[in-house]
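Scope of the values below: all heavy atoms of this structure, side chains included, with no hydrogens, waters or symmetry mates.
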Amino acid sequence: MTRSQRDRSLSFGAAAAAYERGRPTYPPEAIDWLLPAGATEVLDLGAGTGKLTTRLVERGLDVVAVDPVPEMLEVLSASLPQTRALLGTAEEIPLPDNSVDAVLVAQAWHWVDPTRAIPEVARVLRPGGRLGLVWNTRDERLGWVRELGEIIGRDDDPLRDRATLPEPFHVVERHHVEWTNYLTPQALIDLVASRTYCITSPTEVRTKTLDKVRNLLATHPALANANGLALPYITVCVRATLS
């Protein structure tokens with residue numbers, strides 16, 4: 001990871017509250033597919049404000065949340081006070097060897113240096129453990145969602161479609177889940193405000209972008225005067241097993 005990438009990855013602290021309000025959760029089908037059978041102890045790596053962590057805790061799993069941004073973990077701990085939340089990165093995971101059955105990375109693998117992270121993930125996993133990656137991607141086949149993408153940038157992470165997980169991982173598999181997230185117009189504003197592009201832009205650029213989104217909400221026939229929005233997603237999952 002370059003210094004610029006690291007700085008961008010740490011920028012989320014300034015928008016932790018907006019991130020929590022606006023970012024979507026993850027569909028149960030995706031989590032079912034990512035988790036290995038019989039898993040009880042799971043690491044949510046790059047946990048952020050706990051969008052995925054919450055879904056894992058609800059399943060009765062023993063979850064550890066790790067993230068490099070203190071402000072994000074503060075939000076997570078406020079809603080999940082019983083969950084262990086530790087400062088750390090994929091390159092330096094603050095857990096002992098052979099301590100978890102699965103490591104899940106949601107919306108964060110592009111911030112990782114895989115040459116250092118892969119050995120670290122393998123270190124904390126038990127033999128036969130699972131590494132799972134997951135991305136929520138807006139489904140821009142719907143007209144207003146496509147127009148939103150024209151304003152804020154396409155929801156396109158190149159790693160999402162070509163992430164490779166080298167040795168000691170094997171049997172790399174992929175899975176897509178189509179689903180819909182329901183949110184308020186204000187939550188859509190928060191979703192945009194929590195994007196790296198918005199957080200790191202000059203104030204005038206950020207303001208202009210958010211104003212364009214507000215205008216879309218006010219003028220698009222499918223959105224005007226709506227109290228709730230249906231935002232379609234395609235969740236992309238990748239999983240591999242430790243040799």
Which of Ile31, Asp62, Leu35, Asp101 passes side chain to side chain contact (heavy atoms under 4.5 Å, CB included) with Val42? Answer is Leu35

Option from Leu231, Leu191, Thr235, Thr180 for which side chain to side chain contact (heavy atoms under 4.5 Å, CB included) with Pro24 holds
Leu191

Which heavy atom of Glu147 sits nearest to which heavy atom of Leu216, and what is that distance?
OE1-CD1, 3.6 Å

Which heavy atom in Leu45 sits nearest to a heavy atom in Ala90, and how many Å separate them?
CD2-CB, 3.7 Å

Does this structure show an ion pair linking Arg59 with Asp32, if we count only N-O contacts that are shorter than 4.0 Å?
yes

CG of Leu61 to CG of Leu56, rounded to nearest 0.5 Å, is 6.0 Å

Using 4.0 Å as the upper bound for N to carboxylate O, is an ion pair formed by Lys208 and Asp211?
no

How close do Ala65 and Ala47 get, counting heavy atoms only, and between which atoms?
CB-CB, 3.7 Å

Kindly write out the residues that satisfy ring pair (Phe, Tyr, Trp, His ring centres under 6.0 Å) with His175, not counting sequence neighbours, or none if the list is empty.
Trp33

Measure the spacing between CG of Leu95 and CD1 of Ile93 and express it to the nearest 0.5 Å.
7.0 Å

Taking all atoms of both residues into account, what is the closest heavy-atom pair of Pro127 and Leu242, and its distance?
CA-CD2, 4.4 Å

Side chain to side chain donor-acceptor pair (under 3.5 Å) between Arg23 and Ser194, worked out:
CA-CA 8 Å; Arg23 293 291 179 116; Ser194 74; 2.7 Å; yes

According to a 4.5 Å side-chain heavy-atom criterion applied to Ile, Leu, Val, Met, Phe, Trp and Tyr, with indirect links allowed, do Val124 and Leu133 form part of one hydrophobic cluster?
yes

Around Glu167, counting heavy atoms of other residues, nucleotides and ligands shown, do more than 12 lie under 6.0 Å from its CD?
yes

Do Val57 and Val75 belong to the same hydrophobic cluster, where Ile, Leu, Val, Met, Phe, Trp and Tyr are linked whenever their side-chain heavy atoms lie under 4.5 Å apart, directly or via other members?
no

Flag, side chain of Glu91 to backbone of Glu120, donor-acceptor distance under 3.5 Å:
no

Going by heavy atoms in the side chains, are Leu183 and Leu188 under 4.5 Å from each other?
yes

Side chain Arg130, main chain Ala39, donor-acceptor under 3.5 Å
no

Between Pro185 and Leu229, the two heavy atoms sitting closest are CA-CD1, 4.0 Å

Closest heavy-atom contact between Thr53 and Asp44?
OG1-OD2, 2.5 Å

So, the side chain of Ser201 versus the backbone of Arg206: is there a donor-acceptor pair under 3.5 Å, distance only?
no

Show, in sequence, the C-alpha distance, side-chain angles and deciding distance for Asn181 and Thr25, and conclude whether the side chain to side chain donor-acceptor pair (under 3.5 Å) test is met.
CA-CA 8 Å; Asn181 186 46; Thr25 184; over 6 Å; no

Side-chain (Arg126) to main-chain (Ser99) donor-acceptor, under 3.5 angstrom:
yes

